[in-house]
K.L.:
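Structure below; questions to follow.
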Amino acid sequence: MKNFAYINAASEKAAIESMSDKALALAGGTNLLNLLKEYVLAPEALVNIKGIAGLNAIESFEGGLKIGANVTLSELLDHAEVRGRYPALHQALYDIGTPQIRNMSTLGGNLCARPHCWYYRYEYFDCKKRGGQGCAAIAGDNEFHAIFATDGPCVMIHPSSAGPALVVYGAKVKIAGPGGSRDAGIEEFFTLPAAAVARENVLKPNELVTHVLLPPPNGKSATYEVRHKESHDWPLAMASVALTMAGETAQEARICLGAVAPVPWRAAAAEAALKGKVVNETTAGEAAQKAAEGAKPLSGNKYKVQLVRTAVKRAILAAATGRRV
Amino acid sequence: MATVKTKKTTKSKKASQIPVRYRVIGTRPIRHDGVDKVTGRAQYGADVQLAGLLHGGILRSPHAHARIRSIDTGKAAALPGVKAVITSADIGPVTDRVVDLGEGATRLQHLRDNILASGKALYQGHAVAAVAATSPHIAQEALRLIEVDYEVLPPVLDLREAMEAGAPLLHEDLHTDDLGTKSMQPSNIAKHLRFEKGDLEKGFKKADQIFEREFLTSMVHQGYIEPHNATAFWNADGRLAIWCSTQGGFTVRQQAAAILDLPVSSIKVIPMEIGGGFGGKIHVYLEPVAALLSKKSGKPVKLVMDRAEVFEATGPTSGSHIQVKIGARKDGRIVAAQAQLAYEAGAFPGSLVVCGMMCIFAPYDLEHQRIDGYDVLVTKPKTAPYRAPGATNAAFASETVLDEIAEWAGIDPLEIRRLNGAKEGTRRADGLVYPRIGFLETLGAARKHPHASAPLEGPNRGRGVASGFWFNVGLKSSVTAAVNSDGTVSLTEGTPDIGGTRTSVAMQLAEVLGLAAADVKPQVVDTDSVGYNDVTGGSRVTFATGLAAIEAARDIERQMAERAARLWGVPASKVKAAGGVYRHATDSKKKITFKELAARLDETGGPVVGKASLDTSASAGGGFGTHIVDVEVDPETGKVQILRYTAVQDVGKAIHPSYVEGQLQGGVAQGAGWALNEEYFYDDQGRLANASFLDYRMPTALDLPMIDTVLVEVPNPGHPFGVRGVGEVPIVPPPAALANAIYRAAGVRLRQLPMNPGRVLEAILTRDGKPPSKA
């Protein structure tokens, strides 16, 4: 990796003043350090934000939770309220990476992680995100790439496992910048490559995610992930589901897919299909079919269309029954 | 440290007992290197620190195939802190010749070109230049300042395309050795070999049905935890010292001597502790480069690969394309078998296709066979051995076809293997006639194991069976053993300890001398400090270095008997030794223990040292394994879950059963990874996309159930305790056993590895609706 200056930011303000496109925020480092080693990123400075007061707490907030961006995944998993009231989030994070990675990774880092597309991560491949002319994934090995929004300039899958769960809970992201603080809806936070290929969210180089705001949950929820290995692996496809139930009927359904699109991918047609239905194998299966509609898989990942159906069906049933399917 | 019985972590059952009582062999003492390893004190190559040490780095080709027009190292050399920059020009003039490294002959030019490319870069990651600097960071920065002018050439990545006439050539001067005749035209096929037995056409005429199938396997990596490393110091007196992670100090010495044009006696190799090798730490990569950097800078230089370098530029095992044609009678008897194996050699000749050819039908007694093998160059890293190299690919093909035949004939998979099974006197296609072997015994033990008859509970589950063979090697080992005055013995070995061999070798010496395992102090030393030893490989160390230890122990015992004779003033022929006690043949009052005698060596003539140097090749004993596996296939995701796994193997005699069980479990784990997870992703330009453990999916402990082991002990007649090699056989059956289990669970026959969720799911979604048969 290239030599860099190390800036220890004591406050949000100090961090923001130091940050730029050449001075990147460092939290857990589980993603950033790999990119530095591969020279994918070669900043002049790293701004350590781990020491900023107030960014490492989980607090009650308007009936829900206010989670500091520096809260680690392990801390989230150990939190009784996260486990009890937000099972979709808990299940999404449950066995990410390894215990060591979960001890270091932060929620803010999970939302802001750079793509794990291997054509992005190795400098000798062509990648528009790194300023290149083309996308090596289109003609290359794209088994693990997107099946939605594949007509854009980049077919990455968003690496955040928390993202889909936060979407179904209607979370907000608190962003601090030179002009103060603002709240963005979680769905507005993530941006498609067509909007700006070099980045994955609305953050400007001198802006920082400080908190995630979770409204109180109003129903049942679950996440189902299809993964090749049991540990230390990326998801092949995942689905988070939140259901507002009246008896066995879903009054409202929110369904969001992960690891299949450049952003957490809201499955509106599946939500509509489930709305007002008694939740069972059949209706869950019908909604799952709808969730896969509009998929345009690449040359090597048609199988992921079926994985989406499986993940959605199982997540719906898990949410409705409270049991892992 | 007393000999203790460790708690059994697995249930090993001895299917046939050898009626000999041993005091040490068959027990489970704590390993001699255990404390250092668990406390982190063991010294690995990356731990080497020397005064004035420089840190090196290697510049690697970003292209899979490119002519190197020029290399400009000026800017790199000018960077402050840089002490040396080298390219292949620094190796010195090359007179190409064939060098025999004890593991098969290699062209010196190829050996040199793989460590630093000269004319062409032949795979992405091929070393092109190297730097030594005062810190690793400066070395990395300097590498980016080296300017290489490449003429990019078309890569050849698919081995079938590489075999076609007109394919881009890796080596313009390479002609096929086609059954001993040189081809007229240059080619990517380095070698075509054939084994033949009987009359194939005649055999096929007797068949009721002929099964012809085709198989593809991906290149996979050995995946050792510890990356390659080397530290070298080229002294002003011309002596070169190399510290490294290797399976054999002497092979490093030999290869470095050939590459650097030095006499072997000028080089001392110090093998450090090794964090896994599996065959991948036999070729040299860094050692001669570190030496040249040291020569140029005058300082010791350390090179340590990162994981991406390990994946890009070191020892994968061959990907392969295998065609199998087997004729069978309705009664399940195989009447003819033919195979064609094409193996990727990588960028330089030398795949181990010949081993695949030896193993593919080795478990069976077949009258009519023909086996063809092709060693094929592709623009990928030079392949290296990987645990039973070549055999796993081959068994994946033959053992799944056999499963199809069993189903067609309506015969149990274990029974069809018994029906055709090889035994003492069976002649293999390559000519070897088996001495006493234990294949049928593994089948019998598998049948008796509760796993074989346990009901499969639940849908989408299936049970698969497969067998496998590895011939195991003997080769050369030397040890010395010095008796200490406190009654212990210091045992000096030259075969690096990978699987607990310090202890398994020490136990054999202890058994002969009537000592406890803890009374023997084994150490692995440098190449100046012990006689010649071949590599730790071929599952040979417990067998071959064990034989040397037994020989050295007998040498000690003979000398000790002489000392006792001297004490008593009787001829040596009057002293009988047994169980560590030396007795007068007729006077029962005259007896002395080994320990008592050891304390009296000074008064009876001075120190006692035993030694042995052996070539054990003729007496190595082949090993067979039979595996049973239950899987559940998720029909909606294609994911295969291993529910239960039982590995049965003829191990000859288990010296330390825990290590033998560990070898079986480790082999199964790697075989399962090969079967279900692992593959290389190269783009059409030959650039590797998944050079990290994040994307190269080796299984973890959570992906595997507890692997049950059954140790069958049919003694190898070539070893006094009956030892056979055990480390390699267990990786051979898993891919076929898993493919067979997947078929029984999901009704799909997979003939391509890995059998990952995407591939299994696509097979399920397109299957012809044929219901799976019952296991």
Side-chain angles (χ1 to χ4, degrees), chain A residues 1-4 30-31 34 36-39 42 95 97-98 101 116-126 136-145 159 224-234 236-237 285 288 297 300-314 325, chain B residues 60-64 124-125 135-138 140-141 143-144 306-308 312 634-642 673 676-704 754 756-766:
Chain A
M1 70 177 75
K2 187 171 158 281
N3 275 340
F4 54 83
T30 56
N31 178 232
N34 289 328
L36 297 180
K37 281 184 191 168
E38 290 295 332
Y39 286 88
D95 45 13
T98 62
I101 289 172
H116 57 65
C117 169
W118 45 40
Y119 298 114
Y120 168 72
R121 282 191 284 129
Y122 293 105
E123 58 173 342
Y124 43 73
F125 293 119
D126 200 8
I138 301 286
D141 287 307
N142 47 40
E143 282 82 341
F144 307 115
H145 286 75
Y224 189 89
E225 178 183 331
V226 181
R227 194 169 46 189
H228 191 159
K229 282 163 59 181
E230 295 299 309
S231 170
H232 204 184
D233 202 0
W234 315 107
L236 296 170
N301 65 9
K302 290 178 188 66
Y303 74 99
K304 287 182 75 167
V305 178
Q306 175 59 34
L307 297 191
V308 162
R309 294 189 191 111
T310 303
V312 169
K313 186 176 87 176
R314 293 180 185 181
V325 181
Chain B
R60 299 182 178 278
S61 170
H63 307 293
Q124 183 243 314
S135 86
H137 306 290
I138 295 172
Q140 289 303 317
E141 285 296 302
L143 291 177
R144 295 174 77 82
D306 65 21
R307 184 59 60 181
E312 287 169 0
D634 185 335
E636 294 182 321
T637 65
K639 189 168 157 165
V640 176
Q641 188 76 40
I642 301 176
L676 301 178
N677 295 45
E678 298 171 35
E679 63 187 309
Y680 277 62
F681 289 92
Y682 278 102
D683 74 351
D684 58 359
Q685 298 305 304
R687 294 173 300 197
L688 184 58
N690 64 327
S692 85
F693 277 135
L694 287 173
D695 305 298
Y696 183 89
R697 294 175 151 84
M698 289 194 95
T700 68
L702 293 177
D703 296 296
L704 298 161
N756 56 26
R759 200 164 276 149
V760 173
L761 188 57
E762 254 162 46
I764 289 171
L765 295 175
T766 56

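Just so we're on the same page: letters track the sequence lines, and every chain starts at 1.
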K.L.:
Which atoms of A:Lys2 come close to chain B, meaning under 4.5 Å heavy atom to heavy atom: side chain ones, backbone ones, both, or neither?
P.N.:
both
K.L.:
Taking A:Glu143 first and then B:Arg759, would you say they form a salt bridge - that is, a charged N and a carboxylate O separated by under 4.0 Å?
P.N.:
no
K.L.:
So for B:Leu694, is it side chain, backbone, both, or neither that comes closer than 4.5 Å to the heavy atoms of chain A?
P.N.:
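Answer is both: backbone and side chain atoms of B:Leu694 are under 4.5 Å from chain A.
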K.L.:
Tell me whether B:Arg144 forms a cation-pi arrangement with A:Tyr39, defined as NZ or CZ under 6.0 Å from the six-membered ring centre and within 45 degrees of its axis.
P.N.:
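Satisfied, under 6.0 Å and within 45°.
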K.L.:
Please find out if less than 6.0 Å separates the ring center of B:Phe681 from that of B:Tyr696.
P.N.:
no
K.L.:
Looking at B:Gly758, B:Pro62, B:Ala308, which makes the most heavy-atom pairs under 4.5 Å with chain A?
P.N.:
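That would be B:Gly758.
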K.L.:
Side chain, backbone, both or neither: which part of B:Gln685 has an atom under 4.5 Å from a heavy atom of chain A?
P.N.:
neither
K.L.:
Given 3.5 Å as the limit, does a donor-acceptor pair link the side chain of B:Asp703 with the main chain of A:Lys229, or not?
P.N.:
no
K.L.:
Is it true that B:Asp695 and A:Arg121 make a salt bridge, defined as a side-chain N closer than 4.0 Å to a carboxylate O?
P.N.:
yes
K.L.:
By a 4.5 Å heavy-atom criterion (distance strictly below it), what part of B:Ala691 contacts chain A: side chain, backbone, both, or neither?
P.N.:
both
K.L.:
Answer with side chain, backbone, both or neither: which region of A:Tyr122 has an atom nearer than 4.5 Å to a non-hydrogen atom of chain B?
P.N.:
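Side chain only.
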K.L.:
Let me know if B:Asn677 has heavy atoms under 4.5 Å from chain A in its side chain, its backbone, both or neither.
P.N.:
both
K.L.:
Please check if the distance between the ring centroids of A:Trp118 and A:Phe125 is under 6.0 Å.
P.N.:
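For A:Trp118 and A:Phe125, the ring centres are not under 6.0 Å apart.
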K.L.:
With chain A, which of B:Arg697, B:Glu762, B:His137, B:Met698 has the greatest number of heavy-atom pairs at distances under 4.5 Å?
P.N.:
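Most pairs with chain A among the choices: B:Arg697.
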K.L.:
Does A:Ser231 offer a backbone N or O that forms a donor-acceptor pair with the side chain of A:Asp95 under 3.5 Å?
P.N.:
no
K.L.:
Given a strict heavy-atom distance threshold of 4.5 Å, which part of B:Glu636 is in contact with chain A: side chain, backbone, both, or neither?
P.N.:
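Backbone plus side chain of B:Glu636, per the 4.5 Å heavy-atom cut-off to chain A.
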K.L.:
Contact part of B:Asp306 toward chain A, heavy-atom cut-off under 4.5 Å: side chain, backbone, both or neither?
P.N.:
neither
K.L.:
Among A:His145, A:Lys304, A:Lys302, find the one that has a side-chain contact (heavy atoms from CB on, under 4.5 Å) with A:Pro297.
P.N.:
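Going through A:His145, A:Lys304, A:Lys302 one by one, the side-chain contact (heavy atoms from CB on, under 4.5 Å) with A:Pro297 is satisfied by A:Lys302 alone.
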K.L.:
Under 4.5 Å from any heavy atom of chain B, what part of A:Gln306 do you find: side chain, backbone, both or neither?
P.N.:
both
